[in-house]
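Please read the structure below before turning to the comments.
Lettering of chains follows the sequences in order, A, B, ..., and the numbering in each one begins at 1.
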2 protein chains.
Amino acid sequence: MTTAVVDNGVNVEALLGAREMFSDTPEMARFQWRSTVSWVNGTHSEAEVEGFSGFNEEQQHSKRFSFDIDHPLQFAAEDKGITPTEYVLVALGGCLTAGIAAVAQQRGIQLRSVKATVSGDMDLQGILGVDPDVRNGYSGVRVDYQVDADASPAEIEALVAQSQKRSAVYDILTNPTAVTVTVS
Amino acid sequence: MTTAVVDNGVNVEALLGAREMFSDTPEMARFQWRSTVSWVNGTHSEAEVEGFSGFNEEQQHSKRFSFDIDHPLQFAAEDKGITPTEYVLVALGGCLTAGIAAVAQQRGIQLRSVKATVSGDMDLQGILGVDPDVRNGYSGVRVDYQVDADASPAEIEALVAQSQKRSAVYDILTNPTAVTVTVS
């Protein structure tokens with residue numbers, strides 16, 4: 001019997017090592033992620049992401065990442081970047097997809113392709129203050145996966161379900177998070 | 001008396017026009033934002049954002065925007081992009097900052113600079129499944145603004161508070177949203 005080596009590019013040993021370290025030394029697991037957002041003009045701002053903290057130390061990404069955030073031309077803005085709420089969809093799709101790769105690796109499932117179509121419905125009567133009964137955010141978000149992998153449909157379903165269970169962004173969207181806004 | 005013309009680059013007339021249109025024809029206000037996320041390798045995936053729907057029609061951004069999502073080197077990943085949860089901070093800072101510019105314009109307050117420091121605390125014992133009592137997402141998020149504007153500290157506080165009140169992403173974080181994940 002020949003066993004193909006499963007390689008989804010995820011270093012599961014490193015993740016299991018981190019898990020063991022966090023279990024032994026829980027303060028190492030306390031991370032802080034950050035972004036600095038500077039207004040440019042109109043609805044256009046620029047976000048930078050570089051440092052974070054974790055493993056009891058200050059950490060750096062390998063480079064400084066920059067992102068433009070704006071509103072589209074259809075709102076008389078300049079469309080220098082995607083809207084804030086589209087960034088939320090990027091975050092959700094990226095989080096669930098990374099989880100699928102990691103869980104597949106751990107379960108010995110070789111992935112060939114994974115594609116998510118992420119969509120969120122929003123009634124703009126909320127943010128524009130037309131109807132106080134309409135919320136500002138998404139009324140609902142859907143993620144539909146197409147997965148090509150060496151696994152049965154049931155195994156693929158279970159893979160996606162496990163990723164959902166351990167996803168930070170899925171949790172952030174589906175459960176309330178305290179957000180404190182201050183002016184200094 | 002000389003009145004300086006306030007120009008924060010926000011077309012408030014267009015926004016008020018949209019508000020009136022949505023008030024008259026609520027179905028025009030029903031938007032759908034989208035992203036397509038494709039797995040690349042490991043925890044690295046690529047998100048594309050181009051089309052959305054609203055004003056009763058299919059709409060397009062002026063170009064296709066692409067984003068890399070990954071995990072940092074510290075997790076034995078390749079750091080090809082920021083993490084999903086950092087994208088959430090980008091979204092939040094961008095949303096509140098655009099709101100500040102729009103509200104300032106409407107209130108006749110000239111902004112000179114607006115900078116937000118956004119941070120989120122996350123105990124990775126959650127996503128790694130070490131402790132089932134630890135949530136996967138942020139335990140809390142903070143946004144701290146430094147605003148230089150032709151306004152009193154109280155007016156600036158009120159500006160930031162109003163932006164928070166009408167922010168889509170602030171709502172998405174602080175209140176639960178239904179997320180449906182399917183495999184097709």
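Side-chain contact check for A:T36 versus B:K115: some heavy-atom pair is nearer than 4.5 Å. Using a 4.5 Å heavy-atom cutoff, the side chains of B:N136 and A:R166 are in contact. No side-chain heavy atom of A:W39 sits under 4.5 Å from any side-chain heavy atom of B:I100. Under the 4.5 Å side-chain criterion, counting only non-hydrogen atoms from C-beta, B:V169 is not in contact with A:Y87. The closest side-chain heavy-atom distance from A:F52 to B:Q74 is below 4.5 Å. Residues B:R142 and A:T182 are not in side-chain contact: their nearest non-hydrogen atoms beyond the backbone lie 4.5 Å or more apart.
Here A:K80 contributes atom NZ and B:H61 contributes atom NE2; the two are 14.5 Å apart, rounded to the nearest 0.5 Å. Of the inter-residue distances, the one linking B:M21 atom CE with A:L124 atom CG reads 9.5 Å to the nearest 0.5 angstrom. Remark: A:R34 CZ to B:D121 CG distance equals 9.5 Å, nearest 0.5 Å. Here A:I127 contributes atom CD1 and B:C95 contributes atom SG; the two are 7.0 Å apart, rounded to the nearest 0.5 Å. Taking CH2 from B:W33 and OG1 from A:T83, the interatomic distance works out to 4.5 Å, rounded to the nearest 0.5 Å. Rounded to the nearest 0.5 angstrom, A:Y138 OH and B:T177 OG1 are separated by 9.5 Å.
Across B:N8, B:V147, B:T85, B:L15, the residue that shares the most heavy-atom pairs under 4.5 angstrom with chain A is B:N8. The residue among A:D7, A:V40, A:L89, A:D131 with the most heavy atom pairs within less than 4.5 Å of chain B is A:L89. Most heavy-atom pairs under 4.5 Å with chain B: of the set A:T97, A:L92, A:V134, this distinction falls to A:T97. The greatest number of non-hydrogen atom pairs below 4.5 Å with chain B, out of A:P153, A:G17, A:A98, A:A102, is found for A:A98. For the set A:S167, A:G140, A:A104, the entry with the most heavy-atom pairs within less than 4.5 Å of chain B is A:S167. Ranked by heavy-atom pairs under 4.5 Å with chain A, the first of B:Q105, B:K165, B:E86 is B:E86. Highest contact tally toward chain A, considering only B:R135, B:Q146, B:K63, is held by B:R135 [criterion: heavy-atom pairs under 4.5 Å]. Interface check for chain A: of the options B:L111, B:D68, B:T43, B:D70, the most heavy-atom pairs under 4.5 Å are formed by B:L111. Put simply, of A:A14, A:A29, A:S23, the one with the most heavy-atom pairs under 4.5 Å next to chain B is A:A29. Chain B forms the most heavy-atom pairs under 4.5 Å with one residue out of A:T117, A:N175, A:V130, A:D144, and that residue is A:D144. In terms of heavy-atom pairs under 4.5 angstrom with chain A, the leader among B:D123, B:I82, B:I156 is B:I82. Chain A forms the most heavy-atom pairs under 4.5 Å with one residue out of B:G137, B:S38, B:S113, B:A161, and that residue is B:G137.
The minimum heavy-atom distance between A:A91 and B:V88, with the atom names listed, is CB-CG2, 3.7 Å. In this structure, B:S35 and A:V90 approach most closely via the heavy-atom pair OG-CG2, 3.9 Å. B:T174 and A:P176 make their closest contact through O-CB, 3.2 Å (heavy atoms, listed as atom of the first residue, atom of the second, distance). The minimum heavy-atom distance linking A:G94 with B:P84 is given by the pair C-CG, 3.8 Å. Between A:G42 and B:V10, the shortest heavy-atom distance links the atoms CA-CG2, 3.6 Å. Closest heavy-atom contact between B:A18 and A:L128: CB-CD1, 4.2 Å.
Only the side chain of B:A47 comes within less than 4.5 Å of a heavy atom in chain A; its backbone stays farther off. Within the 4.5 angstrom heavy-atom criterion, only backbone atoms of B:R112 (N, CA, C, O) approach chain A. Neither the backbone nor the side chain of B:L16 comes within contact range of chain A; no heavy atoms are under 4.5 Å apart. Residue contact with chain A, scored on non-hydrogen atoms closer than 4.5 Å, is absent for B:S163. Contacts of B:L73 with chain A are made by side-chain atoms alone, with heavy-atom separations under 4.5 Å and no backbone atom involved. Using a 4.5 Å cut-off between heavy atoms, A:V160 contacts chain B through its side chain alone, with no backbone atom that close. Interface remark: B:F67 contributes side-chain atoms only to the contact with chain A (heavy atom separation under 4.5 Å). Proximity to chain B is limited to the side chain of A:L96, based on heavy atoms less than 4.5 angstrom apart. Heavy atoms of A:I69 lying under 4.5 Å from chain B belong exclusively to its side chain. Heavy-atom distances place the backbone of A:Q60, and not its side chain, under 4.5 Å from chain B.
Relative ring orientation between B:F75 and A:F31 is described as tilted, the plane-to-plane angle lying within the 30° to 60° band.
Cluster membership for B:V118 and A:V183, using ILVMFWY side-chain heavy atoms within less than 4.5 angstrom, is shared.
Of the options B:V179, B:T180, B:I172, a side-chain contact (heavy atoms from CB on, under 4.5 Å) to A:V141 is made by B:V179 and by none of the others.
In terms of modelled atom types and a separation under 3.5 Å, the side chain of A:N11 and the main chain of B:A76 share no donor-acceptor contact.
For A:E78, the CD atom is loosely surrounded, since the number of other residues' heavy atoms within 6.0 Å does not exceed 12.
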